[in-house]
Amino acid sequence: MLDCGGRALDLSRPRVMGILNVTPDSFSDGGRHAGLQQAVDHALAMVEAGAAIIDVGGESTRPGAEPVPVEEELARVIPVVEALARAIPVPVSVDTSQPEVMRAAAGAGAGLINDVRGLRLPGALEAARDIGLPVCLMHMSTLDPRTMQQEARYGDVVAEVGAFLAERVQACEALGIGRERLVLDPGFGFGKTLDHNLALFRALPELASLGLPLLVGVSRKGMIGALLGDRPIDGRLHGSVAAALLAARAGARILRVHDVGPTVDALRMLEGLEARGG
Ligand SMILES: Nc1nc2ncc(COP(=O)(O)OP(=O)(O)O)nc2c(=O)[nH]1
């Protein structure tokens, strides 16, 4: 059980994290939920469809994305976190690397920090320590989405991503952020080629053996399109659901997805059929 600021996230079985991008330029749904009411309505619909947590992001981190000024990220994210903390019964996570946004989001009622940069920006570790919420630590090859794909070079991607995550856990523990607050994420698509992503996906059981809950985010990403013969983004639903299902079977505990209903149904089928040995 993850204590998300007083709201529990039961990780005894795989859970779905609904993506709420309040950005104009996210790779698959930019601009769709930029208004406050649209954002709240979409979050409510995802909770209704079975999302166990809603992830609010104000900065696109797709390859090549331009950085967002902190003031702009705050303006996009904090009103939505405040509204959702009142409107929905499940935890709200904030997808940010900025310490100021982490602190403001915690004050606004966020229950988890989702940092694609693994608390590597100056002040991020201290902010995470101070606010006391659970943190998802994700691997990204550089700190900048504009360069991460150029830096997609590994001797052994699984070993190197695993070592990175272990190092970030140690950095957290050194500041008193206990393992019980940590979630790990190999960062699919963040400075990885297709082959790297496939190697990491196949190594999920190994990464799960690090002993901390795994978050997997492959929804609608390039690796899905590539495996479906360069399928465009709006044709990646079925592939995304299949990948989420296989990630859950491999040990992932949080599946970060755009399409909550189909993913929840797939996980329920997995649970029902496998639990009953069907
Ligand atoms: N922990 C975690 N967080 C993430 N945040 C954003 C994206 C990118 O997807 P999306 O938010 O849909 O796109 P964008 O970054 O363009 O907003 N992927 C992950 C992920 O794989 N893991």
Side-chain angles (χ1 to χ4, degrees), residues 2 9 11 15-34 39 42-43 46 51 53-68 72-73 76-77 80 91-98 101-102 105 110 112-120 124 128 133-141 143-146 148-149 161 164-165 168 182-192 196-197 200-201 204 207 212-225 233-234 236-237 240 243-244 247 252-260 263:
L2 210 53
L9 182 61
L11 296 182
R15 297 290 183 177
V16 170
M17 170 187 266
I19 298 171
L20 183 62
N21 285 319
V22 286
T23 63
D25 59 345
S26 285
F27 83 90
S28 79
D29 57 359
R32 297 254 183 95
H33 318 299
H42 187 53
M46 290 194 284
I53 183 168
I54 299 296
D55 190 37
V56 181
E59 174 202 31
S60 172
T61 47
R62 73 191 183 286
E66 291 292 323
V68 174
E72 171 64 23
E73 189 178 346
R76 290 177 183 177
V77 166
V80 175
V92 178
S93 61
V94 59
D95 186 348
T96 187
S97 299
Q98 298 295 342
V101 179
M102 294 176 189
L112 183 141
I113 303 296
N114 173 25
D115 185 359
V116 298
R117 294 176 179 83
L119 296 179
R120 285 183 288 163
L133 293 175
V135 184
C136 177
L137 301 166
M138 195 195 83
H139 173 271
M140 183 171 174
S141 61
L143 292 174
D144 188 339
R146 292 170 296 184
M148 63 184 179
Q149 288 307 105
V161 169
F164 169 89
L165 294 173
R168 298 316 295 155
L182 300 178
V183 173
L184 302 181
D185 181 341
F188 289 99
F190 286 86
K192 282 95 177 180
H196 294 142
N197 288 321
L200 286 166
F201 198 95
L204 283 175
L207 293 171
L212 293 174
L214 273 191
L215 188 154
V216 166
V218 292
S219 179
R220 301 184 184 174
K221 285 187 176 175
M223 63 186 281
I224 307 287
I233 288 174
D234 60 6
R236 296 176 183 171
L237 168 61
S240 297
R253 276 288 175 267
I254 301 174
L255 290 312
R256 183 178 182 278
V257 306
H258 302 87
D259 304 289
V260 172
T263 309

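Below, all heavy atoms of this structure are taken into account, side chains as well, without hydrogens, waters or symmetry copies. Both counts, for ligands and for their atoms, begin at 1 and track the order of listing. Starting from 1, each residue takes its place in the sequence as its number.
By the 4.5 Å heavy-atom criterion applied to side chains, I113 and V94 are counted as neighbours.
No donor-acceptor pair closer than 3.5 Å links the side chain of R220 to the backbone N or O of I233.
Protein residues having at least one heavy atom under 4.0 Å from any atom of ligand 1 are N21, S26, F27, S60, T61, R62, D95, N114, V116, C136, M138, D185, F190, L215, G217, K221, R256, H258, listed by chain and number.
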Inset, instruction - Applying side chain to side chain donor-acceptor pair (under 3.5 Å), run through H258 and S240 and close with a yes or a no. - result: CA-CA 9 Å; H258 302 87; S240 297; over 6 Å; no

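Every residue two or more places apart in sequence or in another chain that forms a side-chain contact (heavy atoms from CB on, under 4.5 Å) with L237 is listed here: V241, D259, P262.
The shortest heavy-atom contact between D185 and C136 is CB-SG, 3.7 Å.
Ring pair F164/H139 is perpendicular by interplanar angle, where above 60° counts as perpendicular and below 30° as parallel.
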